[in-house]
2 protein chains.
Amino acid sequence: MKIGELAKLTGVSVRSLRYYESQGLISPVRLANGYREYSPLAAETVETIQLYLNLGLTTEQIAGFLHCVLKNKEAFCAEVMPLYESKLEEIERQLHQLTQIKLNLEERMASIRREREGSGAEFQAKSGEE
Amino acid sequence: MKIGELAKLTGVSVRSLRYYESQGLISPVRLANGYREYSPLAAETVETIQLYLNLGLTTEQIAGFLHCVLKNKEAFCAEVMPLYESKLEEIERQLHQLTQIKLNLEERMASIRREREGSGAEFQAKSGEE
DNA sequence: ATAGACCCTGACACTGGTGTTAAGGTCAAC
DNA sequence: GTTGACCTTAACACCAGTGTCAGGGTCTAT
């Protein structure tokens, strides 16, 4: 099938399909006129790529084990587990940081609300403006 | 004081101080030779900018209320609260998404571990490689 | 007057997948 | 033989703050 068909079939843009190819994730053959010709299996490959992208892996990382997971079960691809582990650590760091910022924000918001109630001005937040 | 001194004093790079100026956050006067001359109050301004950047606000957003918060308490600056509210919503969306990915990752990791234990191969994760 | 520390502006790089456009080739149907 | 849908490559834009370099000016102490 041609790139437009694959795009419709998978819901992934033509642009992205070409990008995946440039990153070594998928290698359609070329017809005499230069058009890409995808095997019917390509749809599954693209969906697999999307799955890993949605887990937050990069195309470079996916390129490292895509061959393997397309042929075997994940459990047999040694590269996957370390990636999952480091990704999990990264996500936990991000969760921690976001949670800190959230607490900080909530504290400041609470503080503002306290000050506004404390003063006689009932939420007339115009006073101090220069 | 000159920009290098302010950088040392605040721990913010010279590059960043110039960037803040380009974004309208701080406006040092210029000496006859073109050098920036910062008032002693600039250190406090820079620290305030850092505080808001660490909350995840952009320089553009900070520019909208920095004048006010340098003169008054936050509670008197009407622009602040809506920004905090929308930032909080954004962070909650991100937390939700990250949590989903984390659950997904953990589920897949558990699944891999189950499959490996299920087979006779004791963590010899080489088998399936092509 | 010269070394060395400091200042200036301007510009590219980075992260990374995707949108978008430009300029042009191919093909099927009419 | 021309229209229109589809394909090709190449390139810039995005987010947004920071690092870094190039090319050049200023000031101080020796």
Side-chain angles (χ1 to χ4, degrees), chain A residues 1-38 42 45-64 66 83 86-87 90-91 93-94 97-98 101, chain B residues 1-38 42 45-64 66 83 86-87 90-91 93-94 97-98 101:
Chain A
M1 82 190 90
K2 295 208 289 302
I3 197 168
E5 298 172 72
L6 183 58
K8 257 175 215 149
L9 195 59
T10 58
V12 172
S13 72
V14 168
R15 175 72 178 87
S16 293
L17 293 176
R18 293 201 188 109
Y19 179 67
Y20 299 161
E21 181 178 354
S22 79
Q23 298 308 106
L25 293 180
I26 189 169
S27 301
V29 297
R30 294 301 181 111
L31 300 180
N33 58 15
Y35 287 16
R36 292 166 175 84
E37 176 67 25
Y38 292 89
T45 302
V46 171
E47 277 154 23
T48 303
I49 292 168
Q50 287 284 297
L51 183 155
Y52 289 114
L53 284 178
N54 287 337
L55 283 177
L57 301 186
T58 67
T59 52
E60 187 183 355
Q61 292 173 323
I62 297 169
L66 185 61
L83 278 178
S86 65
K87 190 71 202 175
E90 183 190 331
I91 286 177
R93 277 194 302 275
Q94 291 175 352
Q97 195 187 2
L98 279 180
I101 293 176
Chain B
M1 80 190 91
K2 293 207 291 300
I3 197 169
E5 298 171 73
L6 182 58
K8 257 175 214 148
L9 195 59
T10 59
V12 172
S13 72
V14 168
R15 175 70 178 88
S16 292
L17 292 176
R18 294 200 188 110
Y19 179 68
Y20 299 160
E21 181 177 354
S22 79
Q23 299 305 109
L25 292 179
I26 189 169
S27 301
V29 297
R30 294 300 181 113
L31 300 179
N33 59 15
Y35 287 16
R36 292 167 177 85
E37 176 68 25
Y38 292 90
T45 302
V46 171
E47 279 153 22
T48 303
I49 293 169
Q50 287 284 296
L51 183 155
Y52 289 114
L53 284 177
N54 287 336
L55 284 177
L57 302 186
T58 67
T59 52
E60 187 183 355
Q61 292 173 322
I62 297 169
L66 184 61
L83 278 178
S86 65
K87 190 73 201 175
E90 182 190 332
I91 286 176
R93 276 193 303 273
Q94 291 175 352
Q97 194 186 3
L98 279 180
I101 294 176

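Within every chain, numbering begins at 1; the chains are lettered A, B, ... in the order of the sequence lines, protein sequences first and strands thereafter.
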Taking only N and O in the side chain of [X], is any of them less than 4.0 Å away from OP1 or OP2 of [N]?
X	N	answer
B/Arg30	C/dT9	yes
B/Tyr20	D/dG17	no
A/Tyr19	C/dG17	yes
B/Ser16	D/dG17	no
B/Thr59	D/dG17	yes
A/Asn33	C/dC27	yes

Starting at atom [atom1] of [X], determine the distance to atom [atom2] of [N], rounded to an integer number of angstrom.
X	N	atom1	atom2	result
A/Glu5	C/dC27	CD	C1'	14 Å
A/Leu17	D/dC6	CG	P	15 Å
B/Gln23	D/dA16	CD	P	11 Å
B/Ile3	D/dT18	CD1	C1'	14 Å
B/Arg18	C/dC7	CZ	P	8 Å
B/Leu25	D/dG17	CG	C1'	12 Å
A/Glu37	D/dC6	CD	P	16 Å
B/Glu21	D/dG17	CD	P	16 Å

Rounded to the nearest 0.5 Å, what's the gap from [atom1] on [X] to [atom2] on [Y]? Could you check?
X	Y	atom1	atom2	result
B/Thr10	B/Leu17	OG1	CG	5.5 Å
A/Leu57	B/Ile101	CG	CD1	9.5 Å
A/Asn54	B/Gln97	CG	CD	9.0 Å

query = Among residues 46-54 of chain B, which contact DNA chain C at a heavy-atom distance under 4.0 Å?
reply =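 Within residues 46-54 of chain B, no residue comes under 4.0 Å of DNA chain C.
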
key: Basic-acidic side-chain contact under 4.0 Å: B/Lys87, B/Glu90   =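 Salt bridge flag = yes for B/Glu90 with B/Lys87.
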
query = Should B/Arg36 and B/Glu21 count as side-chain neighbours, where that means a heavy-atom distance under 4.5 Å?
reply =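 Answer yes - side chains close enough.
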
query = Is B/Leu55 close to B/Leu51 at the side-chain level, that is, under 4.5 Å between some pair of heavy atoms?
reply =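 Touching, per the 4.5 Å side-chain cut-off.
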
ask   = Starting at the 5' end of DNA chain C and moving along, which residue's nearest nucleotide shows up first, A/Ser13 or A/Tyr35?
value =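 Per heavy-atom nearest nucleotide, the more 5' residue is A/Ser13.
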
query = Using the C1' atoms of five pairs at each end, what's the angle between the two axes of the helix from C/dA1-D/dT30 to C/dC30-D/dG1, to 10 degrees?
reply =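 About 40° separates the two local helix axes.
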
request  = Please identify each residue that fulfils ring-ring contact (aromatic ring centres under 6.0 Å, His included) with B/Tyr52, with sequence neighbours left out.
outcome  =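 B/Phe65.
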
query = Looking at the side chain of B/Arg15, which of D/dT20, C/dG16, D/dC6 is the nearest nucleotide?
reply =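 So the nucleotide nearest the side chain must be D/dT20.
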
inquiry  = Once you apply a heavy-atom cut-off of 4.0 Å, does B/Arg36 come out as touching a base, just sugar-phosphate, or nothing?
reply    =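 Since only primed, P, OP1 and OP2 atoms lie under 4.0 Å of B/Arg36, the category is sugar-phosphate.
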
message = Distance alone, cut at 3.5 Å: any donor-acceptor contact between the side chains of A/Ser16 and A/Ser13?
response =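 Yes, side-chain donor-acceptor contact under 3.5 Å.
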
request  = Taking B/Gln23 for its side chain and B/Tyr20 for its backbone only, find out whether a donor-acceptor pair lies under 3.5 Å.
outcome  =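 No, because the side chain of B/Gln23 does not come within donor-acceptor range (under 3.5 Å) of the backbone of B/Tyr20.
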
message = Quick one: does any side-chain atom of A/Glu37 pair with a main-chain N or O of A/Arg30 as donor and acceptor, under 3.5 Å?
response =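 A pair under 3.5 Å: no.
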
